[in-house]
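A quick write-up on the structure given underneath.
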Amino acid sequence: MTSPSPRLSGPAGEVIVDWYATAARDLPWRTPGVDPWAVLVSEVMLQQTPVARVEPVWRAWMDRWPTPAALAATPPGEVIRAWGKLGYPRRALRLREAAIAVTERHGGAVPDDVAALQALPGVGTYTARAVACFGHGQRQPVVDTNVRRVVARLVHGRAEAAPARASDLADISALAPRDDARAVRFSVAVMELGALVCVARTPRCGACPVRDLCAWRLAGYPAHEGPARRVQTFTGTDRQVRGRLLDVLRAAEQPVDAAALEPAWDDAAQRARCLDSLLTDGLVEQTSDGLFTLPT
DNA sequence: AAATCGTGGGC
DNA sequence: TGCCCAAGATT
């Protein structure tokens, strides 16, 4: 267990909340009165996808499906189309499945219990707490990659975020303000600090509200020790091929034959393997006459 | 538990 | 240009 540092445990959280009041971005899912469903949609879209790309899709999505029941009643193919090019389209499928679960098991209301939230498809440890906190106004520690990076630097004096651990929740809870309403804002505020100031590549320490409390700065900005985390390749991978195939099917008005998918990728074996994996994932469906389409 | 799963913008 | 990175979840 980490004991809260006296240097940090009083002031840092309060300072970060005050900074947020002046520096926060005006994002639509932060509008006062947005319901937990709107927050859930935003959180799933934001998993590994930048804010700028999410914003227009989120607006269109909420116009079209303002409630879980509305999304639950929609065929998966339409949902995949509306997801557009946000990436990782299995998230669209899972969000629809979550909407169905909410409708069938929770009377159409997004649950406020972290465990019930985490039981929903596509909702993991981060998203469950984010919805409980930002959507339901609960005091909850919320830990994403931004928060892990801020804690690594501010608290532990290290340059880079450690991989997720159970102790992350205690680390961030130790910094949270006592007042519940401020603690709720603290959870967004730390994420915002990590997104705008304490960024991965070139941290803007000159603009940081807690630079005088920062263990990393006080230690002289030591470089990261140990192996650099390997970045995922993309070009030529199945991920790229799946994306190409889905791109063709999203654009198609009607089911297409195998020949129509050939331009998506030259290597026939890889193309076939990826098409098969898309079928397995339920992102593509084959009609009775052998044509391919987004699932109906 | 390491690998897999899209996409595009910034440097 | 090519690499790095972005509010993770799942198996």
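In what follows, chains are A, B, ... by sequence order, proteins preceding strands, each numbered from 1. The analysis underlying the following values was restricted to heavy atoms, covering all of them including side chains, and did not include hydrogens, waters or symmetry mates.
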- request: Remember a base hit wins even if backbone is also touched, and classify A:Gln232 as base, sugar-phosphate or nothing at under 4.0 Å, heavy atoms.
  value: base
message: Taking any heavy-atom pair under 4.0 Å as a contact, classify A:Trp83: base, sugar-phosphate, or nothing.
response: nothing
message: From the set C:dC5, B:dG6, C:dT10, return the single nucleotide nearest to any side-chain atom of A:Phe234.
response: B:dG6
query: Rounded to the Å, how far apart are A:Arg30 CZ and C:dA7 P?
result: 11 Å
task: Just call it for A:Ser42: base, sugar-phosphate, or nothing, with non-hydrogen atoms closer than 4.0 Å on any strand.
output: nothing
message: Whole angstroms only, please: what is the CE-P distance between A:Met45 and B:dC5?
response: 22 Å
task: With heavy atoms under 4.0 Å as the rule, sort A:Arg53 into base, sugar-phosphate or nothing.
output: base
query: Can you tell me if the side-chain N/O atoms of A:Arg91 get under 4.0 Å from OP1 or OP2 in C:dA7?
result: no
message: Classify A:Val147 by what it touches in the nucleic acid, base, sugar-phosphate, or nothing, heavy-atom distance under 4.0 Å.
response: nothing
message: Side-chain N or O of A:Lys85 versus OP1/OP2 of B:dG6: is the shortest distance under 4.0 Å?
response: no
- line: Result for 5'-nearest mapping on DNA chain B, choosing between A:Arg230 and A:Pro89, is A:Arg230
statement: For DNA chain C, consecutive-pair runs of 3 or more (Watson-Crick or G-U wobble, both H-bond-type distances under 3.5 Å) give B:2-5 with C:8-11, B:7-11 with C:2-6
message: Pairing donors with acceptors under 3.5 angstrom, does anything connect the side chains of A:Thr74 and A:Trp65?
response: yes
- request: Indicate, yes or no, whether a donor-acceptor pair under 3.5 Å links the base of B:dG6 to the side chain of A:Thr49.
  value: yes
- prompt: Using a cut-off of less than 4.0 Å, is there contact between a side-chain N or O of A:Arg149 and OP1 or OP2 of C:dA6?
  reply: yes
task: Could you tell me whether A:Arg273 contacts a base, only the sugar-phosphate backbone, or nothing, with contacts defined as non-hydrogen atoms closer than 4.0 Å?
output: nothing
- prompt: Hey, does A:Gly124 reach any base, or is it just sugar-phosphate, or nothing, if we go heavy atoms under 4.0 Å?
  reply: sugar-phosphate
query: Taking the side chain of A:Arg239 as heavy atoms from C-beta outward, which of C:dA7, B:dG6, C:dC5 is closest to it?
result: B:dG6
- line: In terms of heavy-atom contacts, A:Leu93 and A:Pro76 come closest through CD1-CB, 3.9 Å
- prompt: Taking only N and O in the side chain of A:Arg201, is any of them less than 4.0 Å away from OP1 or OP2 of C:dA6?
  reply: no
- request: Report the distance from atom CG of A:Leu117 to atom P of C:dA7, rounded to the nearest whole Å.
  value: 21 Å
query: Taking only side-chain nitrogens and oxygens of A:Gln48, does any of them come within less than 4.0 Å of OP1 or OP2 of C:dA6?
result: no
Salt bridge A:Arg30-A:Glu192, side-chain N to carboxylate O under 4.0 Å: yes
Which nucleotide in C:dC5, C:dA7, C:dA9 has an atom nearest any side-chain atom of A:Trp29: C:dA7
A:Thr202 side-chain N/O to B:dC11 phosphate OP1/OP2 under 4.0 Å: no
- prompt: DNA chain C: A:Val51 or A:Val123, which has the more 5' nearest nucleotide?
  reply: A:Val51
task: Return yes if a side-chain donor-acceptor contact under 3.5 Å exists between A:Thr125 and A:Gln118, otherwise no.
output: no
C:dA7 versus B:dG10 - spacing of their P atoms, nearest Å: 15 Å
- request: Find the distance A:Glu55:CD to B:dT7:P and express it as a whole number of Å.
  value: 21 Å
query: Among A:Leu175, A:Ile172, A:Leu193, which residue meets the side chain to side chain contact (heavy atoms under 4.5 Å, CB included) test with A:Val147?
result: A:Ile172
task: For the residue pair A:Asp112 and A:Gln138, confirm or rule out a side-chain donor-acceptor distance under 3.5 Å.
output: no
Donor + acceptor pair across side chains of A:Tyr126, A:Glu43 (<3.5 Å): yes
message: Using a heavy-atom cut-off of 4.0 Å across all strands, would you classify A:Thr237 as base, sugar-phosphate, or nothing?
response: nothing
message: Rounding to an integer number of Å, can you tell me how far A:Arg90 CZ sits from C:dA9 P?
response: 14 Å
Integer-rounded Å distance: C:dA6 P and A:Arg25 CZ: 12 Å
task: For A:Leu40 and C:dA7, give me the distance from atom CG to atom P, rounded to whole Å.
output: 18 Å
task: Quick one: label A:Leu27 by what it contacts on the DNA or RNA (base, sugar-phosphate, nothing), any heavy atom closer than 4.0 Å.
output: base
task: Using the C1' atom on both, measure B:dG6 against C:dA6 and round to a whole Å.
output: 12 Å
- request: Give the intermediate values and the outcome of side-chain hydrogen bond (donor to acceptor under 3.5 Å, both in side chains) for residues A:Gln140 and A:Ser187.
  value: CA-CA 7 Å; A:Gln140 289 286 350; A:Ser187 288; over 6 Å; no
Whole-Å gap separating C1' (C:dG8) and CG (A:Leu86): 14 Å
query: So, does A:Thr31 use its side chain to make a donor-acceptor pair with the main chain of A:Val34 at under 3.5 Å?
result: no
- prompt: Under 4.0 Å between a Lys/Arg side-chain N and an Asp/Glu carboxylate O for A:Arg250 and A:Asp247?
  reply: yes
- prompt: Looking across every strand, which nucleic acid part, if any, lies under 4.0 Å from A:Ala130 by heavy atom: base, sugar-phosphate, or nothing?
  reply: nothing
